[in-house]
Amino acid sequence: MQETYGLDLAQTFTCGQCFRWHPDGRGGFTGAAGGRTLSITPAEIPLLEKDPFWRTYFDLDTDYDALREQVCAAAPALREAARAAQGMRILRQDPWEALCTFILSQNNNIPRITGIITRLCACLGGPSEPAPPPGPLRQAADPHPFPTAGRLAACSPEDLAPLRCGFRARYVLDAAQKVASGQINLQALRHAPLDEARAALQTICGVGPKVADCALLYGLHRMDAFPVDVWIRRAMPMYLPGVDPLVFGDAAGLAQQYLFAYARTRACG
DNA sequence: CACCAGGCTCCGA
DNA sequence: TCGGAGCATGGT
């Protein structure tokens with residue numbers, strides 16, 4: 001267990017934080033990030049530590065045992081949920097990609113979100129970046145990397161029509177323009193006060209409290225962000241009656257992810 | 001054919 | 001501040 005960093009691929013990829021990883025049907029996953037594609041099985045997890053990009057992406061250097069203890073100490077009722085999802089990691093995704101992804105996720109369902117993201121990369125992604133260094137990992141240059149903010153900022157709503165993302169198209173374009181112009185500096189939000197970071201993101205048309213905190217948690221790895229969606233809204237009173245997310249401090253995002261995974265499992269049977 | 005999907009904007013109290 | 005309709009689209 002030690003050499004795998006406790007990472008569980010299924011828990012990590014199916015907890016709703018990302019939309020570009022797909023199960024291969026045999027316990028492994030194939031996906032894309034940072035201009036690369038990767039196919040990986042649980043047995044190949046130890047290989048990740050030798051690759052600087054994937055080591056960071058899978059957050060192998062964060063002490064999740066300590067964070068999990070912090071969460072459980074703040075809310076003992078979460079102990080069962082946290083144990084069940086202890087192999088889940090908060091991926092260090094690209095900030096722009098995460099923001100864009102969760103703008104597209106609003107009032108939408110996961111299969112359709114996945115389709116929109118796929119078409120977004122297929123239609124507007126690229127060009128591919130240099131191939132990753134050779135090694136034992138089954139990785140390659142992504143032929144359709146997630147489109148940059150600059151690329152999308154130059155697009156019109158008609159250009160996004162093939163995505164079939166509906167009213168979200170103008171939200172994505174507004175976000176792209178604000179990021180590409182520098183009006184919003186995503187990296188600067190990584191260490192800004194939480195309320196300031198939220199307020200900055202919510203100046204984007206189509207970005208409210210939920211999407212803003214998703215962008216902060218998944219895109220900037222801000223574990224103090226707490227994206228309250230319909231699941232959490234329903235699960236909080238049921239599993240954590242009277243608990244204020246503030247008690248989790250800088251592990252609030254991880255706490256909500258444990259709760260989300262747990263609530264979904266229960267709701268789906 | 002209704003209803004819903006990891007919300008948000010806009011509008012009227 | 002708060003509640004509710006409207007939003008585009010595809011799946012069930």
Side-chain angles (χ1 to χ4, degrees), chain A residues 10-22 78 81 85 88-91 93 95 97-120 122-124 152 155-179 184 195 197-223 225-240 245 248 252-269:
Chain A
Q11 288 175 14
T12 298
F13 289 138
T14 64
C15 73
Q17 64 177 316
C18 56
F19 297 94
R20 293 195 72 196
W21 290 90
H22 310 290
L78 260 185
M88 187 194 64
R89 298 293 178 262
I90 305 296
L91 298 168
Q93 301 184 65
E97 177 174 337
L99 169 63
C100 198
T101 293
F102 282 93
I103 287 174
L104 292 168
S105 79
Q106 67 178 206
N107 190 241
N108 212 339
N109 57 71
I110 290 175
R112 189 168 168 232
I113 298 166
T114 302
I116 292 172
I117 305 282
T118 299
R119 292 190 291 274
L120 175 62
C123 296
L124 299 165
L152 285 176
C155 288
S156 65
E158 301 79 63
D159 295 327
L160 300 194
L163 309 185
R164 288 172 289 159
C165 64
F167 60 91
R168 304 165 193 84
R170 73 184 192 90
Y171 298 164
V172 167
L173 293 183
D174 188 57
Q177 287 157 14
K178 285 187 165 69
V179 169
I184 290 180
D195 54 349
R198 284 171 166 160
L201 288 170
Q202 289 181 34
T203 65
I204 299 170
C205 187
V207 174
K210 165 72 190 335
V211 172
D213 273 36
C214 281
L216 290 170
L217 176 58
Y218 306 125
L220 292 163
H221 210 265
R222 287 204 52 157
M223 296 238 201
F226 194 91
V228 179
D229 59 25
V230 57
W231 288 91
I232 300 302
R233 204 177 295 280
R234 197 165 58 191
M236 280 289 284
M238 203 179 319
Y239 301 115
L240 303 176
F248 296 114
L254 186 61
Q256 88 97 45
Q257 206 61 39
Y258 288 144
L259 183 57
F260 176 70
Y262 190 71
R264 284 202 100 191
T265 311
R266 304 287 294 228
C268 296

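Keep in mind that what you see is a predicted model, and the values were worked out from it rather than measured. In what follows, every chain begins at residue 1, and chains take the letters A, B, ... in the order their sequences are listed.
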Nearest-nucleotide 5' precedence on DNA chain B, P227(A) against G206(A): P227(A)
Across the strands shown, which category fits V211(A) at heavy-atom distances under 4.0 angstrom: base, sugar-phosphate, nothing? sugar-phosphate
So which of residues 10-20 of chain A are in contact with DNA chain B, with a heavy-atom cut-off of under 4.0 Å? C15(A), G16(A), Q17(A)
State which residues pass ring-ring contact (aromatic ring centres under 6.0 Å, His included) with F226(A); sequence neighbours excluded, sorted by chain then number. none
If you look at every strand shown and take non-hydrogen atoms under 4.0 Å, does P209(A) touch a base, only sugar-phosphate, or nothing? sugar-phosphate
Can you check each nucleotide of nucleotides 2-8 of chain C against protein heavy atoms at under 4.0 Å and return B for base, S for sugar-phosphate only, - for none, in 5' to 3' order? -----BB
Which part of the nucleic acid, if any, lies within reach of I204(A) when heavy atoms closer than 4.0 Å are counted: base, sugar-phosphate only, or nothing? sugar-phosphate
Using the P atoms only, state how far dC11(B) lies from dA8(C), rounded to an integer number of Å. 14 Å
Salt bridge (charged side-chain N to carboxylate O under 4.0 Å, His left out) involving R168(A) - partner list, sequence neighbours excluded: none
Write out all pairs satisfying side-chain hydrogen bond (donor to acceptor under 3.5 Å, both in side chains) with one or both partners inside residues 199-214 of chain A, taking only residues at least two apart or from two chains. R198(A)-D213(A)
Could you tell me whether F102(A) contacts a base, only the sugar-phosphate backbone, or nothing, with contacts defined as non-hydrogen atoms closer than 4.0 Å? nothing
Can you list everything that forms a side chain to side chain donor-acceptor pair (under 3.5 Å) with Y239(A)? Sequence neighbours excluded, please. none
Ring centroid separation F102(A) to Y171(A) under 6.0 Å: no
D159(A) side chain reached by L173(A) side chain, heavy atoms, under 4.5 Å: no
Anything under 4.0 Å to a heavy atom of chain A counts; send over the first and last such nucleotide of DNA chain B, read 5' to 3'. dA5(B) to dT9(B)
Taking only the C1' atom of each, what is the distance from dT9(B) to dG10(C) in whole angstrom? 22 Å
Base, sugar-phosphate or nothing for I110(A)? Non-hydrogen atoms, less than 4.0 Å. base
Could you work out, with salt bridge (charged side-chain N to carboxylate O under 4.0 Å, His left out) as the rule, every residue matching R222(A), not counting sequence neighbours? D224(A)
Applying salt bridge (charged side-chain N to carboxylate O under 4.0 Å, His left out), name anything that partners D174(A), two or more places apart in sequence or on another chain. K178(A)
Mind calculating the distance between CG (N109(A)) and P (dG10(C)) to the nearest angstrom? 11 Å
My understanding is that only residues two or more places apart in sequence, or in another chain, count here; which of them pass side chain to side chain donor-acceptor pair (under 3.5 Å) with Y258(A)? none
Roughly how far apart, to the nearest Å, are dG4(C) and dG6(B) at atom P? 22 Å
Qualifying salt bridge (charged side-chain N to carboxylate O under 4.0 Å, His left out) pairs with a residue from residues 225-239 of chain A, counting only residues at least two apart or across chains: none
Going by the salt bridge (charged side-chain N to carboxylate O under 4.0 Å, His left out) test, which pairs reach into residues 105-118 of chain A, not counting sequence neighbours? none
